[in-house]
Amino acid sequence: MPTLAKLAYGIGIFGPMMGWVAAMQYLMYFYTEVIGLEPTQAGLVFLIGMAWDAISDPLIGTVADRTRTRWGRYRPYLLFGALPYGASIAWLFTPADGNSATVFLAVLAAHIAFRTGYTLVYMPYTAMIARMTVDYDSRTTLTAYKTFFIFSANLTVSFSFYPLVMSLGDGVEAQGFLPAAALFGVIAAITVWACFWFTDESALRHNDGTVTAPLRSIPGDMWANGPFLRVFAGVAIAGGFYGAELAMVPYIAKYWFNDAALSRALFTTQAVLSLLSVPVWLWLGRRYGKRFVWVAGTALAGLSLLVLFALESRSVPLTALLYGLNNIGATGFILIFYAMAADTVDWGEAATGRRHEGVVFGAISFANKFAAGIATASIGVALAAVGFVSDLQQSEATLTGIRLIALVAPAGGFLVSALLMLGYPLTRQVHADALATKGGA
């Protein structure tokens, strides 16, 4: 695969991920601290958004599987979805006025639009992995490019988003979120269009006609695909708790360290260390396989958070370091799970004679967002349960509760995911046998 194509594919995630990371890091904070929603109301918005994902992700995946154009199956969604998604990022961080019900409905509408726009771009983007290459190790390399740009976006957001908010808002949070988000929206559209122009789907030559598997075959084929089911469950567990962890970092900064701006340093440290770890995880994946990367990464992520909780440290450097180790581990998981999903597509085709790319990637995307939605919605309920009240000094019991939500719960999710993936069966040789069974590419 040409280096330009790999770079273009990686760049395609940079802008969209800026919007997604900004939402994961600051949206719960924006809802409760800027707009003034109750934590339970904010959690309900995430819960409804997750329910919408249950409809939109599989739907777009199924439709994309049946799309045939001169640009391919998935690239047209990049061309036509870039601008709507960019606009939805700005809408997501638009302040709302009115009574409580009006504000809630306005926030919910923006949230649904954002999730829909993200799915419209991200699901076809990830499904392209299965059509750009069928080689076991080349997919790991391709997802390494993707992961590098994911954490480049993470670093950009961590370092610049909150300062942009304060700068563009003349020092007032409530005035700065919208223009900062609008800038990210423009960048998202441009990078998605760049990916469209400089990539193609020509690597997969077999089974590329107009005939598609009947809709009625999808549930049975997915259920029969054991490797896919394991990846789906693992993504739901690890991805969900990772999203919750990110959403809680601003609360740790503001209420444990009494400095809301510290979240920038924590997020930046995480992103820098994650970027530096990408080549290491790529090497480990090519040497020891994808299962090793997932298990080692999620185990490191979980254990780092447990150590951070146990130490009860007020040291910013130590906290940043342990958060950074956590994100190094999470990087391994993020780098590898879509490459594994692509392998399960090949395995499923070998087992059933039918190929379900869009459905598999739509389902994996849904698992990631569904779990993050559930976890983030639960944050609102959990914060209320531990006695959290916005913008006030918290009691020691409440601070302990915040740390349990922010550290122990995500650690448990990471470790359960590691145990689950110990039984993942698709090694390099098993995947090669599956390709041989269905005739190769």
Side-chain angles (χ1 to χ4, degrees), residues 16 18-57 59 84-120 122 157 161 165 173-174 176-178 180-182 184-185 236 239-251 254 263 365-386 388-391 402 405-406 409-410:
M18 287 176 67
W20 186 259
V21 171
M24 291 301 99
Q25 291 183 355
Y26 287 102
L27 191 57
M28 190 72 173
Y29 179 87
F30 177 75
Y31 286 164
T32 60
E33 306 295 301
V34 177
I35 290 182
L37 289 181
E38 295 295 325
T40 51
Q41 288 181 307
L44 182 59
V45 171
F46 280 93
L47 186 63
I48 295 173
M50 171 273 302
W52 172 243
D53 283 341
I55 300 171
S56 63
D57 284 24
L59 176 62
Y85 174 61
S88 75
I89 299 173
W91 189 11
L92 186 68
F93 285 99
T94 299
D97 297 319
N99 59 42
S100 177
T102 301
V103 170
F104 178 82
L105 291 175
V107 166
L108 179 61
H111 195 93
I112 294 296
F114 170 74
R115 285 180 172 269
T116 303
Y118 183 79
T119 299
L120 190 63
Y122 187 69
V157 174
F161 187 64
V165 168
E173 277 186 338
F177 274 99
L178 174 56
F184 280 17
F241 280 103
Y242 182 57
E245 177 203 329
L246 290 178
M248 286 300 298
V249 170
Y251 292 87
K254 183 171 182 177
S263 59
S365 176
F366 163 69
N368 196 21
K369 293 192 294 181
F370 173 89
I374 286 286
T376 309
S378 300
I379 285 174
V381 176
L383 285 173
V386 300
F388 171 79
V389 179
S390 175
D391 247 351
I402 289 173
I405 297 166

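The model shown is predicted, which means the values in this text are computed figures rather than measured ones.
Looking at every heavy atom in both residues, Val165 comes nearest to Ala180 through CG2-CB, 3.9 Å. When every heavy atom of Phe114 is checked against every heavy atom of Gly19, the shortest pair comes out as CZ-O, 3.9 Å. Scanning all heavy atoms of the two residues, the minimum distance from Ala174 to Pro95 falls at O-CG, 3.5 Å. Closest of all the heavy-atom pairs between Leu92 and His111 is CD1-CA, 3.8 Å. Here the closest non-hydrogen pair linking Ser88 and Ala113 is CB-O, 3.8 Å. When all heavy atoms of Tyr29 and Pro250 are compared, the pair lying nearest together is CD1-CB, 4.3 Å.
Atom CZ of Phe388 is separated from atom CD1 of Ile379 by 11.0 Å, given to the nearest 0.5 angstrom. Here the CD1 atom belonging to Ile89 is positioned 11.5 Å from the OG1 atom belonging to Thr94, to the nearest 0.5 angstrom. Interatomic distance, NZ of Lys254 versus CD of Glu33, reported as 3.5 Å (0.5 Å rounding). Note that the CG atom of Leu59 and the OG1 atom of Thr116 stand 10.0 Å from one another [nearest 0.5 Å].
The closest side-chain heavy-atom distance from Tyr31 to Phe104 is not below 4.5 Å. At a threshold of 4.5 Å between non-hydrogen side-chain atoms, the residues Phe93 and Leu27 count as touching. Side-chain atoms of Tyr251 and Leu383, non-hydrogen and from C-beta on, do get closer than 4.5 Å to each other. No side-chain heavy atom of Gln25 sits less than 4.5 Å from a side-chain heavy atom of Phe30.
When the ring pair (Phe, Tyr, Trp, His ring centres under 6.0 Å) test is applied to Tyr242, no partner is found at least two apart in sequence or on another chain.
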>> Checking Tyr26 against Ser263 for the side-chain hydrogen bond (donor to acceptor under 3.5 Å, both in side chains) test, could you report, in this order, the C-alpha distance in whole Å, the side-chain angles of both residues, the deciding distance, and whether it holds?
In response: CA-CA 10 Å; Tyr26 287 102; Ser263 59; 3.2 Å; yes

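Residue pairs meeting the salt bridge (charged side-chain N to carboxylate O under 4.0 Å, His left out) criterion with at least one member in residues 88-114: none, sequence neighbours excluded.
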Only distances under 3.5 Å count here; give the side-chain donor-acceptor pairs of residues 35-51 to other protein atoms, sequence neighbours excluded, each with its distance to 0.1 Å.
from	atom 1	to	atom 2	distance (Å)
Gln41	OE1	Glu38	N	3.1
Gln41	NE2	Ser100	OG	3.3

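A centroid separation of 6.0 Å or more is found between the aromatic rings of Tyr85 and Tyr122.
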